[in-house]
Amino acid sequence: MQSIVIEGGKRLSGDVKISGAKNSALPILCASLLAPGEHVVSNVPELQDVITMGRLLENLGAGVQSSDGVFHIDTENLAKDEAPYELVKTMRASVLVLGPLVARLGSARVSLPGGCAIGARPINLHLAGLRDMGAEVEIEHGYVVAKAKRLKGARIYLDTPTVTGTENLMMAATLAEGRTVLENAACEPEVTDLAACLSSMGAKITGAGTDTVRIEGVSELRPMKYSVMPDRIETGTYLAAGAITGGDVRITGCEPAHSAALLTKLRECGFEIEKGPGWIRLKGCDRPRAVDIKTLPYPGFPTDMQAQFMALMCVADGLSVITETVFENRFMHIAELKRMGADIKVQGNAAVVQGAENIFGAPVMATDLRASASLVIAALAAKGSSEISRVYHLDRGYERMEEKLRGIGARIKRVG
Ligand code: EPU
């Protein structure tokens, strides 16, 4: 199994170019199921999750070709309505085919994703919303089986502003009969990007990016030609990497407005932040001040940046309280950070981090995507060498991470 070896203590400086957003690309690829024909999606990051999504679409009968971040998807003839366990178990986002399949084919069989390292992650709200739209939804032998001759517009209140739930229901509603209103919808930029993509296909959507999304169903959509927005979590991860080394990094090809909560916190730590259209520059300080964060749905501090920010707080001056409110078990990185000398105590859904002057290289193990990123960040600042195993977690969500980090001076290599 491959691992990544990092020699810590090198100040990072230079430019890092951001890739297309994983969590935007995945729903957009699924949206191709809504309209028969040839779709072209560009700025798609080359990631394991994207490859899995391509396989899933092929398994449904779509023709999928990709090169240099451009996907050509032919959805003229779909052969099946099933997302099998083998694919869904490796990637929860597979559940995003549910809405489009029911809307286009009138039926879908999608394996229930099951739990994952960061929490139970139920999909009850996706299912309740489809039922509100008139679908018959049953759980049979571990599969969600959904049927509807034609979905009907409905007023749907989401108990929690679920991101993929909002996306699934928004896609389903585009072809429903009449108007759907999603209340307490997720406001994440990925939802807005998907809405823009669907609108380019002829969907009638207003309010995406707010907590009330209105969708006027249409009888058919046309194929898309769409470019995925930049990845705000990748942006934040490289900012944290630059920050922890006291470096001077410029992130290019990003959307600064999507990182507002993180930039506020980085400034509070004492980092100098400059930004302009498509770029953010972070200049390091001697030692960051410890600050508190609480993860929240967008525009709050993203749960997908909690682990990386915690790594930064491990070397900050003072005590930081990090509260995770989105997922119930997203502290798996703490045990590994502690092996590098970090001083962290967990109290319920809060982690109390006492910043240390130094942390030290160690062999550590990745448990999920963002936890792995936090270990990379910690290793960049640690004294000595760290070996991070189970790199496949990183490959699910970061395109060419070692190359990008090497480009700004990190001593990093892949072994095995
Ligand atoms: N929830 C329910 N019922 C549902 C759906 C969600 O109770 O039917 C709960 C979840 O258990 C969780 C909360 O609602 O406590 C929020 O979960 P959400 O559904 O918003 O998460 P998701 O859609 O499964 C997406 C991203 C995650 C990201 C979260 C939160 C994709 C493919 N995944 O997941 O990304 O952490 O939103 O922002 O978009 C990652 O990239 O590393 C990642 C995990």
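Every number for a ligand or one of its atoms is a count from 1 in the order of the listing.
From the protein, the heavy atom lying nearest to atom 21 (O) of ligand 1 is Phe327 CZ, 3.7 Å. The closest protein non-hydrogen atom to atom 23 (O) of ligand 1 is Thr164 OG1, 2.6 Å. For atom 30 (C) of ligand 1, the nearest protein heavy atom (residue, atom name, distance) is Thr303 CG2, 3.7 Å. Protein heavy atom closest to atom 14 (O) of ligand 1, with residue, atom name and distance, is Thr160 CG2, 3.3 Å. The protein non-hydrogen atom at the shortest distance from atom 33 (N) of ligand 1 is Asn23 ND2, 3.6 Å. Closest to atom 4 (C) of ligand 1, if we only count protein heavy atoms, is Pro122 O, 3.0 Å. The nearest protein atom to atom 44 (C) of ligand 1, hydrogens excluded, is given as Arg330 NH2, 3.5 Å; this is a heavy-atom distance. Protein heavy atom in closest approach to atom 43 (C) of ligand 1: Asp304 OD1, 3.4 Å.
Note on Glu136 versus Lys147: no salt bridge recorded, every NZ/NE/NH1/NH2 to OD/OE distance being 4.0 Å or above. Asp368 has no carboxylate O lying under 4.0 Å from a charged side-chain N of Arg390, or vice versa, which leaves the two without a salt bridge. Ionic pairing of Glu82 and Arg109 is present here: one or more N-O contacts between side-chain nitrogen and carboxylate oxygen are shorter than 4.0 angstrom. A salt bridge links Lys404 and Glu234; the closest N-O separation between the charged side-chain nitrogens and carboxylate oxygens is under 4.0 Å. By the 4.0 Å N-to-carboxylate-O rule, Arg289 lies too far from Glu268 to be salt-bridged with it. Electrostatic pairing of Glu324 and Arg330 does not count as a salt bridge here, judged by no charged N lying under 4.0 Å from a carboxylate O. Between Arg406 and Glu403 there is no salt bridge, since no side-chain N of the basic residue sits under 4.0 Å from a carboxylate O of the acidic one.
In summary, the atoms of ligand 1 found under 4.0 Å from a heavy atom of His126, numbered by their order in the structure, are 8 (O). Here is the list of ligand 1 atoms found below 4.0 Å of a heavy atom in Ala93: 32 (C). Atom numbering of ligand 1 starts at 1 in the shown order; those under 4.0 Å from a heavy atom of Val326 are 12 (C), 13 (C), 15 (O), 16 (C). Residue Leu369 has at least one heavy-atom neighbour below 4.0 Å for each of these atoms of ligand 1: 42 (O).
Here the closest heavy-atom approach between residue Ser42 and residue Val70 is recorded as CB-CG2, 4.1 Å. The nearest pair of heavy atoms linking Leu56 to Ser94 is CD2-CB, 3.5 Å.
Every heavy atom of Arg92 sits 4.0 Å or more from the atoms of ligand 1. Heavy-atom separations between Glu190 and ligand 1 are all 4.0 Å or longer. Ligand 1 lies within reach of Lys22, whose nearest heavy atom is under 4.0 Å from it.
Between Thr162 and ligand 1, at least one pair of N/O atoms sits closer than 3.5 Å. Considering backbone and side-chain N/O atoms, Leu125 comes within less than 3.5 Å of an N/O atom of ligand 1.
For the atom pair Asn77 CG and Leu60 CG, the distance stands at 13.0 Å (nearest 0.5 Å).
Counting heavy atoms closer than 4.0 Å to ligand 1, residue Arg370 contributes side-chain atoms (C-beta onward) but none from N, CA, C or O.
Which of Thr295, Leu194, Val163, Asn329 comes nearest to atom 20 (O) of ligand 1 through a heavy atom is settled by distance: it is Val163.
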Could you walk me through whether Tyr143 and Tyr85 satisfy the ring pair (Phe, Tyr, Trp, His ring centres under 6.0 Å) test, starting with their C-alpha distance in whole Å, then the side-chain angles of each, then the deciding distance to 0.1 Å, before giving a yes or no? CA-CA 8 Å; Tyr143 277 73; Tyr85 177 65; 7.7 Å; no
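No side-chain donor from either of Asn43 and Tyr226 sits under 3.5 Å from a side-chain acceptor of the other.
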